[in-house]
Structures are given as C-alpha cells and as structure tokens.
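For reference, the structure discussed in these notes is given below.
In this chain, numbering begins with 1 at the start of the sequence shown.
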Amino acid sequence: MGAQNRLREALSARPDGDSRRPGYQAARWLLAAAYQQMGLNDVAGELIAGADAPSDYDRPGPTYGSALRDQAIELLVRDARGDSDGAWRQAEAIAGRLASQQWYSTQSTAWALMAMARFAGSGDAGEGYRFAWRRGDGDWQEIQSLAPVFRQDLSLDGEGVELAVRNDSERRLFASVTTRGTPAPGQEQAAAQGLGLEARFLTLDGRPLDPGSLSQGTDFRARVRVVNNSGRDLDNLALTQVIPSGWQITDSRLAGDEQAAPLDYRDIRDDRVLSYFSLAAGEAREYTLGLNATFAGRFYLPGWQVEAMYQGDTRARNKGQWVEVIRD
C-alpha cells in the first residue's frame, strides 16, 4: 500500500510535459487498477480522471510499450469499473487497429486480444455467437460458439479467393483475415524501410568474391553492413543470416575474426546466424561471418534481413540467389 501511495504521489508531482511521455498514462491506468482491486474506487477514479489518451511511442523501451498496448490496459480498467460506454469506445478503437494493415508486436497484440476477450466475456454470453462463412461460391459453413474468439485455418490453392462472413446473431462481430508465407526461391524482393542492409563476400585476405560459383573447400567471409536510417535510436535489432545447405559456418572467433562492432547476443546454429544489437540514429555497423564452401552442388542462398523486433515496419532485406559449389 505504501509503495502504491508513493507512486501515486510521484505521478501527481510530474510536470505537464512528462504527462505526454509514452508510458506515463499506462502507469496511471495500472495504478488505478491496483486501487480498484483493493476497493478504493474513489482513488482509482481520481487517477482515471487525470489520465489522457495514450501517446504513440518513438521506441518501445524496456516495457515494449505501444499506444495499442496502453489502450488495452485502459479497456481492462474501464470494463472492471463497469464503465460500459467507455469500455465500448476503447473496444471499437482496438478492433479498428487490429483490423488494419499496421504491424504490431506480440506484446501489443497479446494485450489487445486479452483485453478484447475479457471484455467480450464479461457480458452475458446468452446463446453465444452464430455466424457463417463461405469461400467464393461455395456452401455457407455455419458456426455457433460461446467463445469470444474463433479461429479458422484456411488453405490457399489459388489467387483472388473471395471470403464472405455473415453475422446471424444479435452480437457484433469483428472479422480479420491474416496470410503468411515464404516467397519461392528467387522471388524475394529487396526492401529497406528505416534500415539499410548491404552484404559483401570476401576472400580471407579481403578481396571481393563472387559467391555464385565457389570451389569446394574454399574458406571465405560474409561482411554485412547495417545502417540506421530511421532518424531515431533503435533497440532490439535482429539480423538473420540463413546459410545455403552447401556452405558451413566456421567459428569466426577461433579464426581470429573477433567482432569489432558490439553485439548484445549472437546465436550460431547449423544453418543460420542470429545477431542482436542496437543502433543509434544514423549509426552504421559491420559484422563478419566466417564460411566454408563444403558440399558440391547447386544451392539457394535466401535473402538476409534485419528488423526491429518490436517495430515491425522498420526493416531491410536483400534478394536471395542461387550459388554453386564446384567439386575440384
């Protein structure tokens, strides 16, 4: 109780400028939820009355926050207080965000879905939900469910497939369609948004090397340059380098190729290397990977990519290519 009171005093003492900082409003709503849980409704109401709309985050920070995450917190508190009108407004706003093309992290999506499910389940389920869906001109598939969330896996066997949903109940439904897949070899498209990625292949003495045709047993290096063009500091960047089946990863540290640029963590697996780091605005770094052309044959080198793990619209990737290892 003492810690909550001190946090309440700290929030009240913050200057007006701090109230617009991301995370400040979420702190007010979470503290209000704590007081609400203890039965101190008046104190919770005071905190809520002084709260503003959630702010957008320039960077997720250590709490992995976002405006959507903070809206979900607000929905949970309003629903617990019995504020049906305020909760419904937040539910509509969250549903609109989830149905958009905007990328959201697992943190934000989980909070949003949890809040929506709890809000949907807080009322009288009655006869539940009755709806139907169909694909193209096919038969309607009728569904009846008491659960607030229903998921249907669909196989895609053509282009331009049309899906239709019909609501047969008195309750409002929100429908969304999500697709995910891997481009066929050679069909990846290079892209850069907020980050730049350049990959070069070099001999052991630093001369440029064409990875498309290598003699079996050749030792070489891949050097990746990543630059932050977003205009803001970026944390939790993940660089993924998938290696063709005919190549093997060598331990660069044993070969004397200790990384000059700092890394938060590097995970070296059989077929890929995952590197994690942060970049200040405008900063560029290079990372080196030792490789060996081991097995003869023709293999595919997938495109490499770097992305901000909690800001999915900030990423870069290059095109993949076919490579050949020639038996001597």
Side-chain angles (χ1 to χ4, degrees), residues 103 105-106 180-204 206-214 218-230 233-253 255 257-295 297-325:
W103 182 94
S105 70
T106 52
R180 176 175 295 182
T182 302
Q187 299 302 310
E188 309 107 321
Q189 297 297 317
Q193 186 172 350
L195 287 167
L197 173 67
E198 178 188 4
R200 295 180 296 148
F201 295 90
L202 308 169
T203 62
L204 296 184
R207 291 180 290 110
L209 179 72
D210 179 12
S213 180
L214 298 171
T218 300
D219 288 312
F220 61 105
R221 294 188 177 98
R223 184 163 296 167
V224 175
R225 183 176 186 269
V226 181
V227 58
N228 178 2
N229 299 318
S230 68
D233 295 347
L234 294 175
D235 301 319
N236 301 305
L237 294 177
L239 171 64
T240 303
Q241 298 168 271
V242 180
I243 309 304
S245 301
W247 297 359
Q248 284 193 330
I249 302 165
T250 62
D251 194 325
S252 301
R253 292 166 296 181
D257 295 336
E258 196 68 37
Q259 296 292 336
L263 280 168
D264 295 332
Y265 181 71
R266 170 170 274 191
D267 183 4
I268 301 177
R269 303 184 183 182
D270 290 340
D271 65 338
R272 68 194 60 201
V273 176
L274 310 174
S275 304
Y276 304 92
F277 53 95
S278 301
L279 284 178
E283 183 181 3
R285 291 185 190 170
E286 289 189 350
Y287 295 106
T288 301
L289 180 64
L291 299 167
N292 176 269
T294 307
F295 304 105
R298 188 169 182 260
F299 310 95
Y300 191 70
L301 168 63
W304 292 348
Q305 71 171 13
V306 61
E307 64 178 342
M309 295 171 60
Y310 297 95
Q311 295 168 271
D313 55 350
T314 304
R315 61 173 58 207
R317 64 176 180 267
N318 60 6
K319 283 181 63 65
Q321 67 176 95
W322 289 98
V323 298
E324 188 174 7
V325 178

Measure the shortest side-chain to side-chain distance between Pro185 and Trp322 over non-hydrogen atoms and say whether it is less than 4.5 angstrom.
yes
Any side-chain to backbone donor/acceptor pair from Asn229 onto Gly194? Under 3.5 Å, distance only.
no
Below 4.5 Å, heavy atoms only, C-beta onward: do Tyr310 and Leu234 meet side chain to side chain?
no
Under 30°, 30 to 60°, or over 60°: which ring-plane class applies to Tyr287 and Phe277, parallel, tilted or perpendicular?
tilted
What's the shortest heavy-atom distance between Ile243 and Leu291, and which atoms?
CD1-CD2, 4.0 Å
Nearest-0.5 Å distance that lies between atom CZ in Arg317 and atom CD in Gln189
8.0 Å
Are Val226 and Arg285 close enough that some pair of their side-chain heavy atoms sits under 4.5 Å apart?
no
When rounded to the nearest 0.5 angstrom, what distance separates OH in Tyr276 from CG in Leu263?
11.5 Å
So, do Leu239 and Leu197 sit near enough that their side-chain heavy atoms are less than 4.5 Å apart?
yes
Between the CG atom in Asp267 and the OG1 atom in Thr240, the distance rounded to the nearest 0.5 Å is 10.0 Å
Taking all non-hydrogen atoms of both residues into account, name the closest pair between Asn318 and Ala199 and its distance.
ND2-CB, 3.7 Å
Do Leu195 and Val227 touch side chain to side chain, with heavy atoms closer than 4.5 Å?
no
Quick one: pull up CG in Leu214 and CZ in Phe299 and give me the separation to the nearest 0.5 Å.
11.0 Å
Spatial distance of atom CG (Asn292) from atom CG (Asp219) [nearest 0.5 Å]
4.5 Å
Counting only N and O atoms by type, is there a donor-acceptor contact under 3.5 Å from the side chain of Arg298 to the main-chain atoms of Glu324?
no
How about Asn228 and Leu237: do any of their side-chain heavy atoms sit closer than 4.5 Å?
no
When you measure from the side chain of Thr218 to the backbone N and O of Ala293, does any donor-acceptor pair fall under 3.5 Å?
no
Look at the side chain of Tyr265 and the backbone N and O of Leu274, then say whether any donor-acceptor pair between them is shorter than 3.5 Å.
no
Between Ala222 and Trp304, the two heavy atoms sitting closest are CB-CH2, 3.7 Å
Any side-chain heavy-atom pair of Ile249 and Leu289 under 4.5 Å:
yes
Gln241 to Ser275 - nearest heavy-atom pair and separation
OE1-OG, 4.4 Å
Verify the neighbour count for atom CG of Asp210: are there more than 12 heavy atoms of other residues, nucleotides or ligands below 6.0 Å?
yes
Set of residues satisfying side-chain contact (heavy atoms from CB on, under 4.5 Å) with respect to Gln193, sequence neighbours excluded
Asp313
Taking all non-hydrogen atoms of both residues into account, name the closest pair between Glu188 and Tyr300 and its distance.
OE1-OH, 2.5 Å
Please confirm whether the backbone N or O of Ala280 pairs with a side-chain atom of Glu283, one donor and one acceptor, at under 3.5 Å?
yes
Hey, could you give me each pair passing salt bridge (charged side-chain N to carboxylate O under 4.0 Å, His left out) that has a residue in residues 234-243? Not counting sequence neighbours.
Arg59-Asp235
Closest heavy-atom pair and its distance - Gly186, Lys319
O-NZ, 3.6 Å
Would you compute the distance between atom CE of Met309 and atom CZ of Arg315 and round it to the nearest 0.5 angstrom?
12.0 Å
Classify the angle between the aromatic ring planes of Trp247 and Phe201 as parallel (below 30°), tilted (30 to 60°) or perpendicular (above 60°).
perpendicular
Evaluate the side-chain proximity of Leu202 to Leu209: yes if any heavy-atom separation is below 4.5 Å, no if none is.
no
